[in-house]
Amino acid sequence: MTVKKDAVVEMHYTLKNDAGEVIDSSKGKEPMPFIQGHGNIIPGLEKALEGLKIGESCEVSVAPEDAYGTIHEEGIQEIPMEALQGIDNLEVGMELQSQDEQGNPFVVHVEKINEKTITINANHPLAGETLHFNVSIENVREATKDELEHGHVHSGSCSH
């Protein structure tokens, strides 16, 4: 069976940035399961995997536009330190929950801590990055009706 829309795919992967540093990997863990064609993984990688078979592997570079997007400058803001009163042990890289004008939650990352201000960034940490994947397809199967309705793989339903 090949990787196609509505198939459950289990893959091993290693993700590197342009500098060749490993950002993430499934090495030493279970393969990552996802449903092809449902936006469970970034679009550029999903497109590259289409048609691969169990046991096949590929290397693919994904541009920011097909990954986590480009950096939006308006997503980077400097706010007064007192706006974050009550948050102990603030540190660079920390994730904070915020809300937009409609009250919808979103995550920001602390980018810089100054004496009186903090710079926060609402962009995804990998926005603006070209991502380099090394992927091997470990298993492909038909998704169950429930998985398709819910749009994600249900644990315990993987067949080996």
Side-chain angles (χ1 to χ4, degrees), residues 1-72 75-76 87-111 120-160:
M1 186 174 179
T2 62
V3 175
K4 64 180 195 277
K5 185 170 175 24
D6 296 341
V8 170
V9 179
E10 293 178 48
M11 70 173 179
H12 272 302
Y13 67 94
T14 298
L15 167 59
K16 294 180 181 179
N17 61 14
D18 275 335
E21 301 162 334
V22 174
I23 298 170
D24 194 12
S25 178
S26 64
K27 210 175 228 167
K29 301 181 226 166
E30 288 293 309
M32 185 182 103
F34 65 94
I35 302 176
Q36 177 76 357
H38 287 254
N40 295 161
I41 61 174
I42 59 172
L45 182 57
E46 195 171 62
K47 191 172 163 191
L49 298 180
E50 188 77 23
L52 290 180
K53 295 176 179 64
I54 296 171
E56 290 187 329
S57 56
C58 72
E59 289 191 21
V60 60
S61 294
V62 181
E65 297 77 17
D66 292 324
Y68 293 101
T70 55
I71 293 175
H72 297 284
I76 302 170
I87 299 175
D88 298 328
N89 307 324
L90 266 180
E91 54 188 61
V92 172
M94 184 181 243
E95 288 185 353
L96 302 172
Q97 189 85 27
S98 190
Q99 288 185 349
D100 63 17
E101 293 81 26
Q102 290 79 40
N104 298 312
F106 66 96
V107 173
V108 297
H109 297 85
V110 176
E111 235 176 46
I120 57 169
N121 189 342
N123 289 291
H124 188 282
L126 295 176
E129 297 265 351
T130 297
L131 304 177
H132 307 279
F133 290 90
N134 188 316
V135 175
S136 65
I137 305 301
E138 303 300 316
N139 195 25
V140 182
R141 65 170 173 82
E142 293 290 339
T144 66
K145 186 172 175 274
D146 277 353
E147 288 172 327
L148 291 175
E149 284 174 6
H150 296 148
H152 60 263
V153 177
H154 292 169
S155 59
S157 59
C158 295
S159 56
H160 291 282

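Quick note: numbers below take in every heavy atom, side chains included, and nothing from hydrogens, waters or symmetry partners. Numbers here are sequence positions counted from 1.
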Let me confirm one number: the [atom1]-[atom2] distance from [X] to [Y], rounded to the nearest 0.5 Å.
{"X": "Met1", "Y": "Ile54", "atom1": "CE", "atom2": "CD1", "value": "8.5 Å"}
{"X": "Leu15", "Y": "Glu21", "atom1": "CG", "atom2": "CD", "value": "11.0 Å"}
{"X": "Ser61", "Y": "Asp18", "atom1": "OG", "atom2": "CG", "value": "8.0 Å"}
{"X": "Cys58", "Y": "Ile137", "atom1": "SG", "atom2": "CD1", "value": "6.5 Å"}
{"X": "Lys16", "Y": "Phe133", "atom1": "NZ", "atom2": "CZ", "value": "13.0 Å"}
{"X": "His12", "Y": "Glu138", "atom1": "NE2", "atom2": "CD", "value": "4.5 Å"}

Heavy atoms only: give me the nearest [X]-[Y] pair and the separation to one decimal.
{"X": "Leu49", "Y": "Val3", "value": "O-CB, 3.3 Å"}
{"X": "Pro43", "Y": "Ala67", "value": "CD-O, 4.3 Å"}
{"X": "Gly151", "Y": "Asn40", "value": "O-ND2, 3.0 Å"}

Next item on the list: Would you check, one step at a time, whether the test side chain to side chain contact (heavy atoms under 4.5 Å, CB included) holds for Tyr13 with Ile41?
Entry: CA-CA 12 Å; Tyr13 67 94; Ile41 61 174; over 6 Å; no
Next item on the list: List the steps, then state whether side chain to side chain contact (heavy atoms under 4.5 Å, CB included) holds for Ile71 with Ile76.
Entry: CA-CA 9 Å; Ile71 293 175; Ile76 302 170; 4.2 Å; yes
Next item on the list: Check whether the side chains of Asn123 and Tyr68 place a donor and an acceptor atom closer than 3.5 Å, and report yes or no.
Entry: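 Tyr68 and Asn123 do not have a side-chain donor-acceptor pair below 3.5 Å.
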Margin query: I'd like to know if the side chain of Ser136 pairs up with that of Ser57 as donor and acceptor (distance under 3.5 Å, no hydrogens or angles considered).
Written below: no
Notebook entry, point to check: Which is it for Val60 and Leu45 under the side chain to side chain contact (heavy atoms under 4.5 Å, CB included) test, yes or no, and what are the steps along the way?
Noted result: CA-CA 7 Å; Val60 60; Leu45 182 57; 3.5 Å; yes
Margin query: Using a 3.5 Å distance criterion without hydrogens, assess whether the side chain of Gln36 forms a donor-acceptor pair with backbone atoms of Glu46.
Written below: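 Confirmed, Gln36 side chain pairs with Glu46 backbone.
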Item checked: Candidate pair Asp66 and Lys47, rule side chain to side chain contact (heavy atoms under 4.5 Å, CB included), full reasoning -> CA-CA 10 Å; Asp66 292 324; Lys47 191 172 163 191; over 6 Å; no
Next item on the list: Give me the ring orientation class for His154 and His150: parallel if the planes are under 30° apart, tilted from 30 to 60°, perpendicular past 60°.
Entry: tilted
Item checked: Test log, rule salt bridge (charged side-chain N to carboxylate O under 4.0 Å, His left out), inputs Lys4 and Glu142 -> CA-CA 9 Å; Lys4 64 180 195 277; Glu142 293 290 339; 3.4 Å; yes
Distance-only donor-acceptor hits, side chain of residues 89-98, under 3.5 Å, sequence neighbours excluded:
unit_1 : atom_1 : unit_2 : atom_2 : d
Glu95  : OE2    : His109 : NE2    : 3.3

Checklist line | Over 12 foreign heavy atoms within 6.0 Å of NZ, Lys5 | finding: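 Enclosed: over 12 neighbouring heavy atoms sit under 6.0 Å from NZ of Lys5.
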